[in-house]
A.B. asks: 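Quick one: the structure is below, and I'll ask about it shortly.
Residue numbers begin at 1 in each chain, while the letters A, B, ... track the order of the sequences.
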Protein chains: 2
Amino acid sequence: MNIKEASEKTGVSSAAIRYYEKESLIPAIDRTPVGNRDIDDRIIRRIRFVTQMRAAGMSIENLRRYIQLFDAQEDNAKEQKALLQEQLGVMEEKRDDLQAAIDHLNYKLNHFYDHMESTEEELRALEREHTDKVAKQDDAPDDDIAHNF
Amino acid sequence: MNIKEASEKTGVSSAAIRYYEKESLIPAIDRTPVGNRDIDDRIIRRIRFVTQMRAAGMSIENLRRYIQLFDAQEDNAKEQKALLQEQLGVMEEKRDDLQAAIDHLNYKLNHFYDHMESTEEELRALEREHTDKVAKQDDAPDDDIAHNF
DNA sequence: TTACCCCTTGATGTGCACTTTAAGGCAAGG
DNA sequence: CCTTGCCTTAAAGTGCACATCAAGGGGTAA
């Protein structure tokens with residue numbers, strides 16, 4: 001498949017795919033006789049992996065370090081694991097920050113002017129609350145943060 | 001307190017505090033007779049709020065929209081709620097993406113070359129797994145993503 | 001043959017969120 | 001009086017992650 005099709009399939013722009021290749025986030029892509037990129041499913045999967053990690057906030061630089069470690073099939077298991085653990089820590093912290101902010105906004109939403117004007121909205125708010133994985137009490141999220149904001 | 005103290009207290013650089021003020025992410029700050037910023041706890045709390053939302057991935061532009069809606073004490077409850085809900089949706093999606101990536105990395109970590117070289121590391125990996133709020137099965141996180149990566 | 005539509009590379013541009021620099025003011029200490 | 005150390009503003013610079021442009025090539029179809 002050509003780069004345009006790959007772009008449509010992954011939702012990643014052609015320019016970004018070329019950029020990822022140049023930055024070694026995906027392997028060198030095979031070429032047709034005239035030099036055009038010929039993208040297979042292995043590349044598609046690697047593009048999707050990059051997309052997922054980027055969405056999770058991993059920088060290009062960290063992603064490249066990580067991928068290079070994996071591509072070099074040497075005996076660097078220890079480094080790979082260390083990098084993995086490090087990135088995991090960063091991401092878990094990020095997730096928790098995000099959850100704290102979500103809790104904050106949910107709290108505000110549920111106390112909006114101390115009155116909700118329609119029952120539908122109350123129900124939607126409740127639904128939202130139960131969507132969250134943790135059974136949340138109706139506590140203020142964090143004392144450090146002003147609740148008039 | 002002067003801007004340097006506020007910077008040290010919040011971990012936000014003096015330049016960034018000035019920037020936030022200029023961009024109306026925090027209210028106009030009182031000045032001393034000579035024109036220096038005199039920062040009180042209300043401002044500190046607002047800086048912290050900005051920090052929290054920024055860490056959660058909210059853009060300056062969205063944050064300004066949100067804050068302006070709240071600062072204008074008009075009857076715009078509906079808009080405020082809509083914006084809040086919108087942002088909440090964005091953040092929940094982001095959190096879920098992050099969780100998916102975390103699951104992916106955890107899976108990799110737990111299957112590292114199908115052998116862990118020390119018992120301590122096995123235990124640490126298990127600990128990690130139970131830290132997560134959802135009781136996770138040892139399933140591959142997502143079929144779309146290549147597990148050799 | 002001309003017109004499209006795809007591709008290539010390298011260079012340059014863009015938007016965000018600040019950071020840094022330049023040029024200067026005020027107050028205290030030696 | 002001069003240095004130190006804080007502050008001010010406006011303007012310019014920075015790093016990231018691409019997006020866009022320029023200049024050209026190849027394949028097909030009317």
A.B. asks: Just call it for B:Ser14: base, sugar-phosphate, or nothing, with non-hydrogen atoms closer than 4.0 Å on any strand.
C.D. replies: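 Contact class for B:Ser14: none.
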
A.B. asks: Taking CG from A:Asn62 and P from D:dC16, how many angstroms apart are they, rounded to a whole number?
C.D. replies: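 Computing the A:Asn62:CG to D:dC16:P distance gives 11 Å.
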
A.B. asks: Once you apply a heavy-atom cut-off of 4.0 Å, does A:Ser59 come out as touching a base, just sugar-phosphate, or nothing?
C.D. replies: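 It contacts sugar-phosphate atoms only.
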
A.B. asks: Which value, rounded to the nearest 0.5 Å, describes the distance between B:Asp96 atom CG and B:Gln99 atom CD?
C.D. replies: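 Spacing of CG (B:Asp96) from CD (B:Gln99) equals 8.0 Å.
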
A.B. asks: Rounded to whole Å, please give me the gap between OH in A:Tyr19 and P in C:dT12.
C.D. replies: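 So the two atoms are 18 Å apart, to the nearest Å.
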
A.B. asks: In whole angstrom, what separates A:Arg31's CZ from C:dC7's P?
C.D. replies: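 Result: 12 Å.
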
A.B. asks: Measuring from the side chain of B:Asn2 (C-beta onward, heavy atoms only), which nucleotide among D:dC7, C:dC6, C:dT8 has the closest atom?
C.D. replies: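 Ranking D:dC7, C:dC6, C:dT8 by closest atom to the B:Asn2 side chain puts D:dC7 first.
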
A.B. asks: Could you state the atom-to-atom distance from CD1 of A:Ile47 to P of D:dC18 in whole Å?
C.D. replies: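 Going from CD1 in A:Ile47 over to P in D:dC18 covers 12 Å.
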
A.B. asks: Return the value, rounded to whole Å, for the distance between atom NZ of A:Lys22 and atom C1' of C:dT9.
C.D. replies: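 Result: 9 Å.
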
A.B. asks: Below 4.0 angstrom from OP1 or OP2 of C:dC18, is there any side-chain N or O of B:Tyr20?
C.D. replies: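 The answer is yes; a side-chain N or O of B:Tyr20 sits under 4.0 Å from OP1 or OP2.
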
A.B. asks: So which nucleotide from D:dC7, C:dC26, D:dG26 ends up closest to the side chain of B:Val34?
C.D. replies: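 Side chain of B:Val34 sits closest to C:dC26.
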
A.B. asks: Could you tell me whether B:Ala15 contacts a base, only the sugar-phosphate backbone, or nothing, with contacts defined as non-hydrogen atoms closer than 4.0 Å?
C.D. replies: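 Base: the residue B:Ala15, judged by heavy atoms under 4.0 Å, touches a nucleobase.
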
A.B. asks: In whole angstrom, give the distance that lies between atom CD1 of B:Ile17 and atom C1' of D:dT9.
C.D. replies: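 It works out to 16 Å between those atoms.
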
A.B. asks: Excluding sequence neighbours, so at least two apart, what forms salt bridge (Lys or Arg N to Asp or Glu O under 4.0 Å) with B:Arg18?
C.D. replies: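 Once residues adjacent in sequence are excluded, B:Arg18 has no partner under the salt bridge (Lys or Arg N to Asp or Glu O under 4.0 Å) criterion.
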
A.B. asks: Can you tell which of D:dT8, C:dC18, D:dC18 lies closest to the side chain of B:Arg54?
C.D. replies: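 Per side-chain heavy atoms of B:Arg54, the pick is C:dC18.
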
A.B. asks: Measure the spacing between CG of A:Leu25 and CE of A:Met53 and express it to the nearest 0.5 Å.
C.D. replies: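 Reported value, rounded in 0.5 Å steps: 12.5 Å.
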
A.B. asks: Rounded to whole angstroms, how far apart are CZ on B:Arg65 and C1' on C:dC16?
C.D. replies: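 Whole-Å distance recorded here is 16 Å.
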
A.B. asks: Would you compute the distance between atom CG of B:Asp38 and atom CE of B:Met1 and round it to the nearest 0.5 angstrom?
C.D. replies: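 Between B:Asp38 CG and B:Met1 CE, I get 8.5 Å after rounding to 0.5 Å.
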
A.B. asks: May I ask you to say what A:Arg18 touches in the nucleic acid, namely base, sugar-phosphate or nothing, with a heavy-atom cut-off under 4.0 Å?
C.D. replies: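 Base contact.
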
A.B. asks: To the nearest 0.5 Å, what is the distance between OG1 (A:Thr10) and OH (A:Tyr20)?
C.D. replies: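 OH of A:Tyr20 is found 9.0 Å from OG1 of A:Thr10.
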
A.B. asks: Taking only the side-chain nitrogens and oxygens of B:Arg37, find out if one of them lies under 4.0 Å from OP1 or OP2 of D:dT9.
C.D. replies: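 Answer yes for this pair, as a side-chain N or O of B:Arg37 is under 4.0 Å from OP1 or OP2.
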
A.B. asks: What's the spacing between B:Ile102 CD1 and A:Lys94 NZ if we round to 0.5 Å?
C.D. replies: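 B:Ile102 atom CD1 to A:Lys94 atom NZ measures 10.5 Å (nearest 0.5 Å).
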
A.B. asks: Hey, which sits more toward the 5' end of DNA chain C by its nearest nucleotide, A:Asp38 or B:Ile60?
C.D. replies: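 It is A:Asp38 whose nearest nucleotide is closer to the 5' end.
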
A.B. asks: Given atom CD of B:Glu21 and atom C1' of D:dC7, what is their separation to the nearest angstrom?
C.D. replies: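 Rounding to the nearest Å, CD of B:Glu21 and C1' of D:dC7 are 14 Å apart.
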
A.B. asks: With a 4.0 Å cut-off on N to O distance, would you call B:Arg95 and A:Glu92 a salt bridge?
C.D. replies: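 Salt bridge absent between B:Arg95 and A:Glu92.
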
A.B. asks: To the nearest 0.5 Å, what is the distance between OG (B:Ser7) and CD1 (B:Ile39)?
C.D. replies: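 Going from OG on B:Ser7 over to CD1 on B:Ile39, the span is 9.0 Å.
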
A.B. asks: Report for the helix from C:dT1-D:dA30 to C:dG30-D:dC1: angle between first-end and last-end helix axes, five pairs each, rounded to 10 degrees.
C.D. replies: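 What I find for the helix from C:dT1-D:dA30 to C:dG30-D:dC1 is an axis angle of 30°.
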
